[in-house]
Amino acid sequence: MPRLIRAVVTGLGIGYLPLAPGTWASGITVLVVALIHWVAPTREGLVLGGVLVLLTPVAVIFSTRFSQVQNHSDPSQVVINEIIGQMVCFLWVPVSIFSLVVGFLVFRFFDIVKPFPVRTCERLPGGMGIVFDDVAAGLYAGMSLSILLWLMSG
């Protein structure tokens, strides 16, 4: 297994943490989003969108390869999907301490519960199933967070 593929799909090794590697990956992603907001406060959506456009196809290809080598349809070491899904959650919401905490919690909820069509996306072949159920969970989380922020503003 090439080191680059392993490094990408495991989130630079986060996927090898013994307890809840997906939750750790989501948490570290929240910190990365906070850093992006700090460095580029008016452009975090553009930066996250650019990262997602570049990273998602790579994640699908690399996750497919990793899962084939591991002979497992969704190896627990693969956390690039949680990283992508968590980023999707913050694409269209203003970043604040509140939105980062709630966005993390809401994304983890949708990623674990997997309401329709999240579970359906999980059945896609190879890396598409690994990645796109988390993209769908991220979309649910982002929409829920947007609605919550809107309700709180009025």
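Keep in mind that what you see is a predicted model, and the values were worked out from it rather than measured.
- Both V8 and V69 are part of a single hydrophobic cluster, where members link through side-chain heavy atoms under 4.5 Å apart.
- Hydrophobic cluster membership differs between I112 and V30, with clusters built from Ile, Leu, Val, Met, Phe, Trp and Tyr side chains linked at under 4.5 angstrom.
- Contact of the V78 side chain with the V9 side chain is registered, since non-hydrogen atoms from C-beta on lie closer than 4.5 Å.
- In this structure, T10 contributes its side chain and G15 its backbone to no donor-acceptor pair below 3.5 Å.
- To the nearest 0.5 Å, the span separating CD1 on I84 from CG on L48 amounts to 12.0 Å.
- Hydrophobic clustering, with ILVMFWY side chains joined whenever heavy atoms are under 4.5 angstrom apart, groups V60 together with L4.
- Side-chain atoms of D134 and F107, non-hydrogen and from C-beta on, do get closer than 4.5 Å to each other.
- Atom-to-atom distance recorded for S63:OG and I130:CD1 is 5.0 Å, nearest 0.5 angstrom.
- Not one N or O on the side chain of Y140 forms a donor-acceptor pair closer than 3.5 Å with the backbone of V135.
- Side-chain contact between L145 and W92 is absent, with no heavy-atom pair separated by less than 4.5 Å.
- Residues D133 and K114 are paired through a salt bridge, judged by an N-O separation under 4.0 Å between the basic side chain and the carboxylate.
- The closest donor-acceptor contact from the side chain of W24 to the backbone of L19 lies under 3.5 Å.
- To the nearest 0.5 angstrom, I61 atom CD1 is 11.5 Å from M128 atom CE.
- Looking only at side-chain heavy atoms (C-beta outward), F98 and L148 come within less than 4.5 Å of each other.
- With rounding to the nearest 0.5 angstrom, the CZ atom of R6 is 9.0 Å from the CZ atom of R3.
- In this structure, the separation between CZ on F109 and OG on S144 is 8.5 Å, given to the nearest 0.5 Å.
- Residue pairs satisfying the ring-ring contact (aromatic ring centres under 6.0 Å, His included) criterion with at least one member in residues 4-23, sequence neighbours excluded, are absent.
- Rounding to the nearest 0.5 Å gives a distance of 9.0 Å between CD1 of I80 and CD1 of I14.
- Side-chain atoms of S99 come within 3.5 Å of backbone N or O of P94 as a donor-acceptor pair.
- Pairing each heavy atom of S146 with each of V93, the nearest pair is OG-CG1, 3.1 Å.
- Taking the side chain as every heavy atom from C-beta outward, F90 and L100 approach each other to under 4.5 Å.
- At a threshold of 4.5 Å between non-hydrogen side-chain atoms, the residues T56 and F132 count as touching.
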Next on the checklist: Walk me through whether V33 and E44 qualify under side chain to side chain contact (heavy atoms under 4.5 Å, CB included).
Outcome noted: CA-CA 8 Å; V33 170; E44 67 258 356; 5.8 Å; no
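- L12 and V32 are members of different hydrophobic clusters when ILVMFWY side chains are connected at heavy-atom separations under 4.5 Å.
- When the side-chain contact (heavy atoms from CB on, under 4.5 Å) test is applied to L54, no partner is found at least two apart in sequence or on another chain.
- Proximity of E82 to T29: side-chain heavy atoms (C-beta onward) are nowhere separated by under 4.5 Å.
- For CD1 of I97, the number of neighbouring non-hydrogen atoms (other residues, nucleotides, ligands) closer than 6.0 Å is 12 at most.
- Hydrophobic clustering, with ILVMFWY side chains joined whenever heavy atoms are under 4.5 angstrom apart, groups V88 together with L105.
- Under a 3.5 Å cut-off, the side chain of S67 and the backbone N or O of T64 do form a donor-acceptor pair.
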